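Taking it in order: structure first as structure tokens, then the write-up.
Here the structure is a predicted model, which is why all the values come from computation and not from measurement.
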Protein chains: 2
Amino acid sequence: MKRSLEHIQYKENTEALAKFAKALAHPTRIAILKHLKSQSCCFTGDLVEVFPLAQSTVSQHLKELKNAGLIQGELKPPKIKYCINQENWNIAKSLFNDFLD
Amino acid sequence: MKRSLEHIQYKENTEALAKFAKALAHPTRIAILKHLKSQSCCFTGDLVEVFPLAQSTVSQHLKELKNAGLIQGELKPPKIKYCINQENWNIAKSLFNDFLD
DNA sequence: ATTACATATCGTATATTTGCGATAATAAAT
DNA sequence: ATTTATTATCGCAAATATACGATATGTAAT
């Protein structure tokens with residue numbers, strides 16, 4: 001990609017909002033989050049059974065959601081229990097709410 | 001990409017929400033929408049002056065926002081006046097609001 | 001130390017996104 | 001019909017995203 005050299009200076013929250021939106025920009029990730037909300041928490045393996053996707057693919061989606069801060073993992077050997085990160089979830093909620101009027 | 005042959009059947013609204021999120025998944029598009037909201041409407045040329053981006057790039061972002069239904073263009077020759085599509089905006093607002101709890 | 005289980009990461013292939021300059025299209029005015 | 005102003009589209013290059021199978025990692029139990 002030919003990127004413009006000067007990197008754009010956006011107004012406050014613009015990039016944070018875009019980052020959250022990007023994490024939500026795939027139906028599988030929305031579905032994962034819906035599942036997490038309804039179950040409050042669940043294991044990677046549970047999700048692998050829900051979707052017709054490879055384990056590695058599900059894991060990658062979880063990684064992105066984790067990087068965005070929307071979920072967090074808790075070690076429950078040999079499993080990992082994923083839950084909504086409520087603190088960041090609320091931040092996202094408020095950002096979207098303000099933005100969308 | 002090696003896509004799974006069976007295409008996933010998501011629950012209602014999941015794909016609609018992901019589609020809106022995708023449209024918002026770039027800071028420039030967020031910024032464009034913020035600008036449109038504050039001005040209520042504006043021309044492509046105005047936006048080209050606001051961002052250090054080529055005219056074609058801005059036009060492409062506008063196209064994506066239009067495809068997502070978040071904005072609409074009105075012919076004002078030789079210009080085009082873009083405004084928020086309030087109807088779809090409200091739909092997006094309600095989808096995000098419900099999803100984010 | 002070895003094994004077993006669950007999950008993450010790596011390597012790879014393909015698709016999509018982002019950006020640019022150049023060109024085409026559109027509508028009005030001359 | 002030509003010109004002018006504005007915006008959209010095309011063609012390309014590079015970056016990122018998506019998906020998979022294979023492999024590595026981490027933890028507990030044996």
Side-chain angles (χ1 to χ4, degrees), chain A residues 1-8 10 14-15 18-32 35-36 41-68 70-83, chain B residues 1-8 10 14-15 18-32 35-36 41-68 70-83:
Chain A
M1 208 189 332
K2 282 170 262 173
R3 291 200 161 282
S4 62
L5 297 181
E6 50 180 323
H7 66 266
I8 301 178
Y10 295 100
T14 297
E15 281 167 311
K19 191 182 158 195
F20 280 127
K22 200 172 191 174
L24 302 178
H26 194 289
T28 295
R29 290 197 289 274
I30 297 279
I32 287 173
H35 201 260
L36 281 181
C41 285
C42 77
F43 301 105
T44 309
D46 302 338
L47 295 166
V48 174
E49 283 171 23
V50 172
F51 302 103
L53 293 170
Q55 177 267 325
S56 59
T57 302
V58 172
S59 192
Q60 210 168 335
H61 281 304
L62 287 169
K63 188 185 180 184
E64 281 184 62
L65 290 172
K66 200 168 58 182
N67 285 343
L70 290 171
I71 65 172
Q72 58 197 353
E74 187 192 343
L75 234 58
K76 220 80 176 175
K79 301 187 180 184
I80 298 178
K81 191 172 77 170
Y82 280 104
C83 310
Chain B
M1 207 185 342
K2 283 170 259 171
R3 291 199 163 284
S4 62
L5 297 183
E6 49 180 323
H7 66 268
I8 302 178
Y10 295 100
T14 297
E15 282 168 312
K19 191 182 160 195
F20 280 128
K22 198 171 192 177
L24 302 179
H26 194 290
T28 295
R29 289 196 290 273
I30 297 279
I32 287 174
H35 202 260
L36 280 182
C41 286
C42 77
F43 302 105
T44 308
D46 301 339
L47 294 165
V48 173
E49 282 171 24
V50 171
F51 302 102
L53 294 169
Q55 177 267 325
S56 59
T57 303
V58 172
S59 190
Q60 209 167 337
H61 281 305
L62 288 170
K63 187 185 179 182
E64 283 184 61
L65 290 172
K66 200 168 59 182
N67 285 343
L70 290 171
I71 64 173
Q72 58 197 353
E74 186 191 345
L75 233 59
K76 220 78 174 176
K79 300 187 179 185
I80 297 178
K81 193 171 78 171
Y82 280 105
C83 309

task: Side chain of A/Ser59 only, please: which of D/dA8, C/dT9, D/dT6 is the nearest?
output: C/dT9
task: For the residue pair A/Thr14 and B/Thr28, establish whether any side-chain heavy-atom pair is separated by less than 4.5 Å.
output: no
query: Out of D/dT18, D/dT6, C/dC20, which has the shortest distance to the side chain of A/Arg29?
result: D/dT18
statement: Note: A/Gly73 and A/Ile80 closest approach over all heavy atoms is CA-CG2, 4.1 Å
- prompt: Does a salt bridge link A/Lys76 with A/Glu74, judged by any charged N lying under 4.0 Å from a carboxylate O?
  reply: yes
message: If I compare all heavy atoms of B/Ala68 with all of B/Ala23, which pair ends up nearest, and what's the gap?
response: CB-CB, 3.5 Å
- prompt: Nearest-Å distance, NZ (B/Lys63) to P (C/dT17)?
  reply: 11 Å
message: In whole Å, I'd like the distance from the NE2 atom of B/His26 to the P atom of C/dT16.
response: 18 Å
message: What is the separation between atom CG on A/Leu75 and atom P on D/dG26, rounded to the nearest whole Å?
response: 11 Å
query: Picking from D/dA19, D/dC20, D/dA8, which would you name as closest to the side chain of A/Ser56?
result: D/dC20
task: Determine: side-chain N/O of A/Thr57 to OP1/OP2 of D/dC20, distance under 4.0 Å, yes or no.
output: yes
- prompt: According to a strict under-4.0 Å criterion, is B/His61 in side-chain N/O contact with OP1 or OP2 of C/dG19?
  reply: yes
task: Choose from D/dA17, D/dA8, C/dA6 the nucleotide whose nearest atom is closest to any side-chain atom of A/Lys22.
output: D/dA17
Selection from D/dT7, C/dT7, C/dC20 that lies nearest to any side-chain heavy atom of A/Gln55: C/dT7
task: Specify the separation, in whole Å, of atom NZ of A/Lys19 and atom P of D/dA17.
output: 12 Å
query: Can you tell me how far P of D/dT9 sits from CG of B/Asn67, to the nearest Å?
result: 9 Å
- request: Could you check which of C/dG19, D/dA19, D/dA8 has an atom nearest any side-chain atom of A/Gln60?
  value: D/dA19
- prompt: Rounded to whole angstroms, how far apart are NE2 on B/His7 and P on D/dA19?
  reply: 14 Å
- request: Check whether NZ of the Lys or CZ of the Arg A/Lys81 lies under 6.0 Å from the centre of the six-membered ring of A/Phe43 and within 45 degrees of that ring's axis.
  value: no
query: Roughly, in whole Å, what's the span from CD1 in B/Ile8 to P in D/dT18?
result: 12 Å
message: If you only use heavy atoms from C-beta on, which nucleotide in D/dT6, C/dT7, C/dG21 is closest to the side chain of A/Ile80?
response: C/dT7
query: If you check the B/Tyr82 side chain, which of C/dA8, D/dA8, C/dT9 turns out closest?
result: D/dA8
Atom-pair distance (CD on A/Glu64; P on D/dA19), nearest Å: 10 Å
